[in-house]
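Everything on this sheet refers to the single structure shown next.
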Amino acid sequence: MDELELIPPAIAGPPPAGGFWREVWRHFRRRKLAMLALSFVVFLCLVALFAPMIAGTKPIICKYKGRIYFPCMGYYVRSWENPIFRQDRMLHHYPTRLKELDPKSWAMWPLVYQDPYWRVRDNEWPGRPGNPWGINGKPSRLNWFGTDQQGFDVFAQMVHGTQIALSVGFVSMGIASVIGITVGALAGYLGGWVDMLLSRIIELVMCIPSLVLILALVAMLDNVTNYHLMAIVGITSWTGIARLARAEFLKLKQMEFVTAARAMGASWPRIVFLHVLRNALAPVLVPITFGIAAAILVESGLSYLGFGASPPNPSWGTLLKAGRSAIEQMWWLILFPGLAIFLTVLAYNLIGEALQEATDPRLRQVT
Amino acid sequence: MACALVAVGRSFGDAKKVTGNADTNSAETADEAPAEKPFQLGNLITPFTPPPLEEIEKSVEWIDRPVLDGMELLRKKQEAAGSSVTTEEALTLRNDSPEHNEKILTALGRVPPADGAGVDYNSSWVRHVPGDLKSSNPLFISSITEFEFRKMTGFEYLSYDESINYFAPAEYVVSWKSSKDGLMDKIVLRDDVVWSDGRPITADDIKFSFQVIMTDAVIVPAVRTGVDQLKWVEAFDDRTVVFFHKEPLATNTVNIEFPVIPKHVYQKSIAEDPTMARSAYHAKLEDHPIVGGPYELVRRSRNQEFVVRRRENFYKPHGKQVRAKPYFKEIRVKVIEDFNTALVALKGGQIEEMFIRPEQWVNQTNDANFYKRNTKVTAVEWTEFHFIWNTETPFFSDSRVRQAMSFAMDYEELLKVVCQGLYQPARGPYHPTSWMFPKNGPQPYQQDFVQAEKLLDEAGWTDSDGDGIRDKLIDGKRVPFEFTMLTYQTETGVMAATLMKMSLDQIGVICHVKPTEFTVLIDRQQKHRFDAAMAGWGSGTDPDGSRNSYATGEARNSGLYSNRRVDELFEKGLRELDPEKRAAIYGEIHMILWEDQPYTWLFYRNAFYAFSKKVRAYNFAPTGPYLFDPGIHSIYKPVSN
């Protein structure tokens, strides 16, 4: 018998290495709650991205006077809605004015004809009654989640509020990550007086309460936007990330691959950002995920207290605030946004927890 | 006493009263007082030596002015008017229509008989205020909480009825006369009025109070307005005081009414501590003030509550009853900032009165839970709300732009939705039920985008670059029409400003809404650091009080509006003594302001109050239910409770 034939095919060679991230994903997938949470966050991202197409009073696409327009883009940036519609007094009257001014026009409408900044009035959509307001604004066929004191549709506000919640989380933690990882990497890798200096800076920043900074900013600025809140939350919440990154870099810089890279003459920025960073990233992802949840809570809390972005600001916290004044009568102003905040924060926390376990072999559940 | 600046959608707890004299701006604080200058009592008064009383009596022709019992006055009016329902019937009514409101007011507003039969003199009343009592010294009154405290505890030799007719209260005053030439007022006090420490209240106390008010080291936030129009106040004996006016003005009566403090208490201490608050002696007086009114302060927990108790030596100064006994043994005033919390307390019986917000009136006070212990009433109040345009900014210097702003506003939505259909559309600075409102007054603005755009085009604000935002070339630079609107943090304030923003957006004007904390809002208005702002004026008892809102260079003219004719008319109105001619003058001012639109007037706000069913005899003046005479003093609890 040929000697080679004795070797079973299974041990002909080791299976291809899955890599660290594939391994993390494999472990992450095993946690059903975490996967559910991830699906929820993906769903929220889609809602946020397509909010003007889900709930709005501006056509997604329309043909008007021979040209194609996308008026719903005005929900993202005011100037993206062609000025012709303002000139033709189309705002809040699209359904009737389009046909009135151009009988040949056509339009594709959002799934729900409601506006987060405006009370839909009688016959704004032909034959449809206006939104009720106050305690009469109970959830109904036309207003799924009811309306607020001013008659603004709660569902539309929640859909557009998703943009705020998610963007505040992502952008602020994006800023925090960039600062935190950079500072942590430099402190951990370079060590010495750089480490000493940066560590003291980290401690200093940890002493600054972001809420006080935000309140000061709100007092100073005339037009507070969510970007301001994102910036403040971002530049005050990077310290945890920096400390973790520093610890990882302190550990990794002793590894052989770093010594090898150094021996081959690689510059320190190349070693830090190309070789060490990719290995240090996994543990850092965990505080980032928890940070997103915290940032969403901060934004909602600020809006609830009336210190959020300038009105009209269809944030979930703003809705909660509106519900507070009539909590006994207008339960829908508390229930829906409260649930949204709770589920979103829970989802991020579940994802963070699962990531923590998936990236740290010591914490993995025995299955 | 001039107008009060009020917060939209909430009670007068935050109300501010600002001095009309630019030299004595209320923005000053005690810290800014000229500390180095030696204290000189009355240093703002031009020295004057009054002639002897005998000489005055010989040369002056006096006109008798009314000395009345406010309670008796109201009682007679009510007896003449009658009531269509009994008290019991009124207590079962739900206030869901103007007819029911009227029935509740007439039945439950009835004052008790003169002998006090049926009044439970051992009862106490728990009131609500949204802001704490900042000072118990009547010279430092600023917010409505302090005005009401003064009404409960203060000595008043002049007051007004529910129709704003002035008289001297018979419980303090024997006679009040004005000289025919309008240069003097003489008041003779009763000899049985005493301070809470038992010392008599004398004419000298009034003179001393005048001198204190007119001392620059004493920072009085509100009461110097009007008093500064007096030439001198002289006490000729313990009971006779004569007020000397600089000139015969229509506001002379209002000018002689100011808070009185006991001379024997402050005479020595004021020079050492002109703030009347910092020294240990004054700090002690803050918590235990010597007062001259029906009640005295007995307990005070900062930001929680204060308690006033009936003064026995008020109605029985020397052991014998000489005036009506105050109806309550004790009035507790609870400080609850949050109106929702206050309403819960009212429904639970922890408080027995509160000013309610319109959304509470509409949504939260219609159920059996509310009516179990309480009822509610509404009445006309001379309070208007508006957007102020800063005429010094490039945006609003042109009256056409301001008119365009007024045409842009969605009043229908404002009144129907934001104001819950409870307020009336504004027709200018003066209330249509007031005597100064013009005979053929203007009609409210209606939203008209075509007119608004036409006016903006005429004023040079066009969309020159086609970006959907109007702009104008100013000093060679293209300026977009983008401004910030400061507003109250209340729901009504935010919603009204947001509605304006959305309306302006449709005509290519960008408005950023900034809800601003009340004191910051006032500060920025006083310093003119704003483009546009929401504000409200509670009307005073005389239209001259609005001079410092609209006349050139005045302290409260935060929008820096200026119109020479308006200035002239205010001067004329001050000196015109004929009521009809005077009304015509203020009517003309009203029409000019309406044409110029320094403000976009939004709505007139009524008074909305909830009272416990245990409480009776609440009535309303255009200034609210408490500050007129008898006002708060007619309220009582019947024995059966």
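Per chain, numbering begins at 1; letters A, B, ... match sequence-line order.
Using a 30° and 60° split on the angle between ring planes, Phe481(B) and Phe395(B) fall in the parallel class, below 30°. Classification of the Trp389(B)-Phe483(B) ring pair by plane angle, with boundaries at 30° and 60°, yields perpendicular.
Among the candidates Asn363(B), Asp338(B), Thr484(B), the residue making the largest number of heavy-atom pairs closer than 4.5 Å to chain A is Asn363(B). Of the listed residues (Glu81(A), Gln149(A), Gln87(A)), the one with the most heavy-atom contacts under 4.5 Å to chain B is Gln149(A). Here Leu221(A) is the residue among Asn136(A), Val224(A), Leu221(A) with the most heavy-atom pairs under 4.5 Å with chain B. Interface remark: of the candidates Pro311(A), Pro83(A), Pro312(A), Pro311(A) forms the most heavy-atom pairs closer than 4.5 Å to chain B. Contact count versus chain A (heavy atoms, under 4.5 Å) is highest, among Thr516(B), Asp505(B), Asp367(B), for Asp505(B).
If you measure heavy-atom distances from Asp410(B) to chain A, the contacts under 4.5 Å come from the side chain alone. Asp467(B) touches chain A through its backbone: at least one of N, CA, C or O sits under 4.5 Å from a heavy atom, while the side chain does not. Only the side chain of Lys501(B) comes within contact range of chain A, judged by heavy atoms closer than 4.5 Å. Both the backbone and the side chain of Gln364(B) have a heavy atom closer than 4.5 Å to some heavy atom of chain A. In this structure, chain A has a heavy atom under 4.5 Å from the side chain of Val418(B), while its backbone stays farther away. For Leu343(B), no part sits under 4.5 Å from any heavy atom of chain A, backbone or side chain. No part of Ile327(A) comes within reach of chain B, as not one of its non-hydrogen atoms sits under 4.5 angstrom from that chain. Interface remark: Gln329(A) contributes side-chain atoms only to the contact with chain B (heavy atom separation under 4.5 Å). Proximity to chain A (any heavy atom under 4.5 Å) is restricted, for Glu413(B), to the side chain, taken from C-beta onward. At a 4.5 Å heavy-atom cutoff, the contact between Phe307(A) and chain B is made by side-chain atoms alone. Both the backbone and the side chain of Phe449(B) come within contact range of chain A, each with at least one heavy atom under 4.5 Å from a heavy atom of that chain. In this structure, chain A has no heavy atom under 4.5 Å from any part of Glu517(B). Interface remark: Arg529(B) contributes no atoms to any contact with chain A (heavy atom separation under 4.5 Å).
Residue Lys65(A) places its NZ atom among more than 12 non-hydrogen atoms of other residues, nucleotides or ligands, all under 6.0 Å distant. Gln446(B) CD: 12 or fewer foreign heavy atoms inside a 6.0 Å radius. Around CZ of Arg478(B), the count of heavy atoms belonging to other residues, nucleotides or ligands within 6.0 Å exceeds 12. For Tyr76(A), the OH atom counts as densely surrounded, since its 6.0 Å shell holds more than 12 non-hydrogen atoms of other residues, nucleotides or ligands. Annotation: Glu458(B), atom CD; neighbour count of heavy atoms from other residues, nucleotides and ligands within 6.0 Å is above 12.
By the 6.0 Å and 45° rule, Arg121(A) stacks over the aromatic ring of Trp118(A). At least one cation-pi condition fails for Lys138(A) and Trp332(A): the charged atom is not both under 6.0 angstrom from the six-membered ring centre and inside a 45 degree cone around its axis. Stacking of Lys63(A) on the aromatic ring of Tyr69(A) is not recorded, the 6.0 Å distance cut-off and the 45° axial limit not both being met.
With respect to Lys527(B) and Asp523(B), a salt bridge is recorded, a charged nitrogen being found less than 4.0 Å from a carboxylate O.
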